[in-house]
Each structure stands twice: as structure tokens, then as C-alpha cells.
Amino acid sequence: MRLFLLVVLTMIAFAANSVLNRIALSDQWIGPASFATIRLGSGALVLGILLQFRRDQSDAIKTHWVAVFSLLAYVVGFSYAYLWLDTGIGALIMFGGVQMTMFAGAVYQGQRPVALQWVGSALAFGGLVYLLLPGAAAPDIGGAALMIVAALGWGVYSLVGRGVRDPLAATARNFLLALPFSVAILAGAVVFSNGETVTVQGVLLACLSGAVTSGLGYALWYHVLPMLQTSIAAVSQLTVPLIAMLGGWVFLGEPVTNAFLVSTALVVVGVGLSIWAGAQRHA
């Protein structure tokens, strides 16, 4: 029961990143570059504090610049995408894109998916295509493209991080190294976009996203991961778009469209089938 509750809390934290980002931007309390920069800075601060209180101090972490820039692409793309996307739709594109990126990465690395994994991947891809089809319910194409960039960034970041011996220390370092580049993007936004709105409410939401739902959320995830089977860890993330959709409905009054429900069903079934097939293969 304790493990179950920790996993639920972690998934809520992941979904809350979408809700917090969307609230801050939709109410025009802060600009996307400012939100991303504060999120990275507060996340780096909390992760650094966690490392200082940890008993076992790791050896020096080697800098992996692919991880740094993929994290930057995720955080910045994620922030800008929510200028135009509803909370649940953004989370669904993000989640589906991450899973497909990691599937493609596994194939590139020489893994041989079984037939059902290909079927599941095709279903998930079809779900995203269905969501993005032109029509009254289609999300903004620019926002969707930015969220796909964010998904690719997080997918690559996850693939790079699979072999890291100390994920918490590596994540803290990556947050810290990505921060100056985010500051540079913020400076560009200020110069070329006539500045960015920054309010106390926006800063607080960005700090909450960086320090709590990102920093502490990632730390909690790394804590529970060793206690979970890989398939269960992956399946649990299927709940993130649904939790985000619920948050968008409750806190922002965002509608739940039929297209979103159909797309969610296809993505969830597709990814779930692929994960189940992979688990059966290694059973």
C-alpha cells in the first residue's frame, strides 16, 4: 500500500507540471521563458539540497551534453507549448511522444520488438495522429509541434539516463548546466518579444513546478523505481495525461472533447499493449 501511494503521488506530481504551467500562462502571470528558467533554477536548487543531505556521496558525475540539451529542449518546449494547448491535450502529446521516442531509441540500439510491440506502437501513433487531424477540435499546430519537441527532448533524456549510476546527482547537474542556456533564451525573449510578464503568482507557480513537482517529484520517482518492475513503472505513467486532463477541467474549466477521449484510449491501449508484450517476452 505504501508503494502504491508513493507511485500515485509521483504521477500526480508529473501531471501537476502540466497544470501549473498552463495556469501560469493562461492567466498571463508569467512568460514561458521566465517560467522555464525559474523551473530549472528552483529544481536545481532543491536537487542540490537533497544531494547535500544524502549519506552516500557519489563520485564526480561526468557531464553528458546530449542530456543537458535534451532537458533544455523539454523544459523550454513544454513551457511555450502551453501558450496554445489545453492541459490534458498537451500531456497526451507529451506522453505519447516520449513513449514513441523511447521505442524508436530501443530499436536503434538494436533491440528486436515483437509483433505486438509494433502493433501497440502503431496504435499509439495513430492516436496522436487522430488528435492532430484538422478539424474544430484539433489543437493548435504550433503548440503541438512545440510539445512534440519537448517529448523528443524528454525521450532522449530518458534514453541517455538509463545507464547513469546516480540519477539524482546526474539530474541535479543537468538542471544546473541547462540553466544558463535557459537564461540566454529568456534574454532573447526579452529583447525580441518586448519583454515577458513576470508576477508574484507566476514566479510562485514556476518555483512550485521546479522545486516540488519536478525536483522532489523526480527524486521520489528515483526512490520508487528500484521497487517496481519495469513494465509496471511504464504502465503507471499511462495515468499522467488523464490526471492532467482532470486538473485542467477542475482548475481551468477546459472541455473534455470526444477527440481527446478517443485519442487517449488509442494511446493508452497502444502503449499498454507494447509494454505488456515486452514484459511477456522477458518473462
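We number each residue from 1, following the sequence as shown. Values below: all heavy atoms of this structure, side chains included; hydrogens, waters and symmetry mates excluded.
- Residues Ile38 and Val190 do not share a hydrophobic cluster, clusters being chains of Ile/Leu/Val/Met/Phe/Trp/Tyr side chains in contact below 4.5 Å.
- For Ile89 against Pro139, the heavy-atom pair with the smallest separation is CG2-CB, 3.9 Å.
- For the atom pair CG (Leu72) and OH (Tyr157), the distance works out to 12.0 Å, reported to the nearest 0.5 Å.
- At least one side-chain heavy atom of Phe260 sits less than 4.5 Å from a side-chain heavy atom of Thr264.
- Considering CE of Met100 and CG of Leu152, their distance stands at 9.5 Å, rounded to 0.5 Å.
- When hydrophobic clusters are built by joining Ile, Leu, Val, Met, Phe, Trp and Tyr residues whose side-chain heavy atoms come closer than 4.5 Å, directly or via intermediates, Leu177 is not grouped with Leu186.
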Please table the atom pairs, donor to acceptor, closer than 3.5 Å between any side-chain atom in residues 24-33 and protein atoms at least two apart or in another chain.
{"residue": "Ser26", "atom": "OG", "partner": "Arg22", "partner atom": "O", "Å": "2.8"}
{"residue": "Ser26", "atom": "OG", "partner": "Ile23", "partner atom": "O", "Å": "3.4"}

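- With sequence neighbours left out, the side-chain contact (heavy atoms from CB on, under 4.5 Å) criterion links Val66 to His64, Val156, Val160.
- Trp118 meets the ring pair (Phe, Tyr, Trp, His ring centres under 6.0 Å) test with Phe103; sequence neighbours excluded.
- Remark: Phe69 CZ is packed, more than 12 non-hydrogen atoms of other residues, nucleotides or ligands lying under 6.0 Å away.
- More than 12 heavy atoms of other residues, nucleotides or ligands shown are found within 6.0 angstrom of CH2 on Trp84.
- Grouping the Ile, Leu, Val, Met, Phe, Trp and Tyr side chains by contacts below 4.5 angstrom, directly or via other members, places Leu133 with Val256.
- Of all non-hydrogen atoms in Ala16 and Thr213, the two that sit nearest each other are CB-CG2, 3.6 Å.
- Using a distance-only test at 3.5 Å, with no hydrogens or angles considered, a donor-acceptor pair links the side chain of Ser70 to the main chain of Ala67.
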Mind running side-chain contact (heavy atoms from CB on, under 4.5 Å) on Val240 and Ile12 for me, showing each step along the way? CA-CA 7 Å; Val240 172; Ile12 292 174; over 6 Å; no
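- Gly96 and Val267 make their closest contact through CA-CG1, 4.3 Å (heavy atoms, listed as atom of the first residue, atom of the second, distance).
- Sorted by first and then second residue, the pairs that involve residues 177-190 and meet side-chain hydrogen bond (donor to acceptor under 3.5 Å, both in side chains), not counting sequence neighbours, are Thr37-Ser182.
- In terms of modelled atom types and a separation under 3.5 Å, the side chain of Asp140 and the main chain of Gly143 share a donor-acceptor contact.
- In this structure, CZ in Phe95 is found 14.0 Å from CE in Met147, a value given to the nearest 0.5 Å.
- Connection of Leu204 to Phe251 is not established within any shared hydrophobic cluster, with ILVMFWY side chains joined at heavy-atom distances below 4.5 Å, either directly or through further cluster members.
- With rounding to the nearest 0.5 Å, the separation of CD1 in Ile185 from OG in Ser34 is 11.5 Å.
- Note on Leu266: it clusters hydrophobically with Leu261, by side-chain heavy-atom contacts below 4.5 Å among ILVMFWY residues.
- When every heavy atom of Ala151 is checked against every heavy atom of Val98, the shortest pair comes out as O-CG2, 3.5 Å.
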Would Ser42 and Val46 count as a side-chain contact (heavy atoms from CB on, under 4.5 Å) here? Give the steps. CA-CA 6 Å; Ser42 56; Val46 167; 5.7 Å; no
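- Other residues sharing a hydrophobic cluster with Ile141 under the 4.5 Å side-chain heavy-atom criterion for ILVMFWY residues do not exist; the residue is a singleton.
- Checking side-chain atoms of Ser214 against main-chain N and O of Ala211 turns up no donor-acceptor pair under 3.5 Å.
- Aromatic ring centres of Phe35 and Tyr82: separated by at least 6.0 Å.
- Contact of the Ile93 side chain with the Leu132 side chain is registered, since non-hydrogen atoms from C-beta on lie closer than 4.5 Å.
- When every heavy atom of Phe78 is checked against every heavy atom of Ala150, the shortest pair comes out as N-CB, 3.5 Å.
- One N or O on the side chain of Asn174 and one on the backbone of Ala170 form a donor-acceptor pair closer than 3.5 Å.
- Atom CE of Met11 sits about 8.5 Å away from atom CG of Leu220, to the nearest 0.5 Å.
- Separating the CG atom in Leu176 from the OG1 atom in Thr171 is a distance of 12.5 Å, to the nearest 0.5 Å.
- Screening residues 188-208 for salt bridge (Lys or Arg N to Asp or Glu O under 4.0 Å) gives no qualifying pairs among residues at least two apart or on separate chains.
- Checked against Trp154 for a side-chain contact (heavy atoms from CB on, under 4.5 Å), the options Val149, Leu71, Thr101, Val75 give a single hit: Leu71.
- Nearest heavy atoms, Val19 versus Gly247: CG2-CA, 4.0 Å.
- A donor-acceptor contact shorter than 3.5 Å links the side chain of Ser263 to the backbone of Gly127.
- A 4.5 Å side-chain heavy-atom check between Ser209 and Asn21 finds every atom pair outside the cut-off.
- Contact of the Trp276 side chain with the Leu116 side chain is registered, since non-hydrogen atoms from C-beta on lie closer than 4.5 Å.
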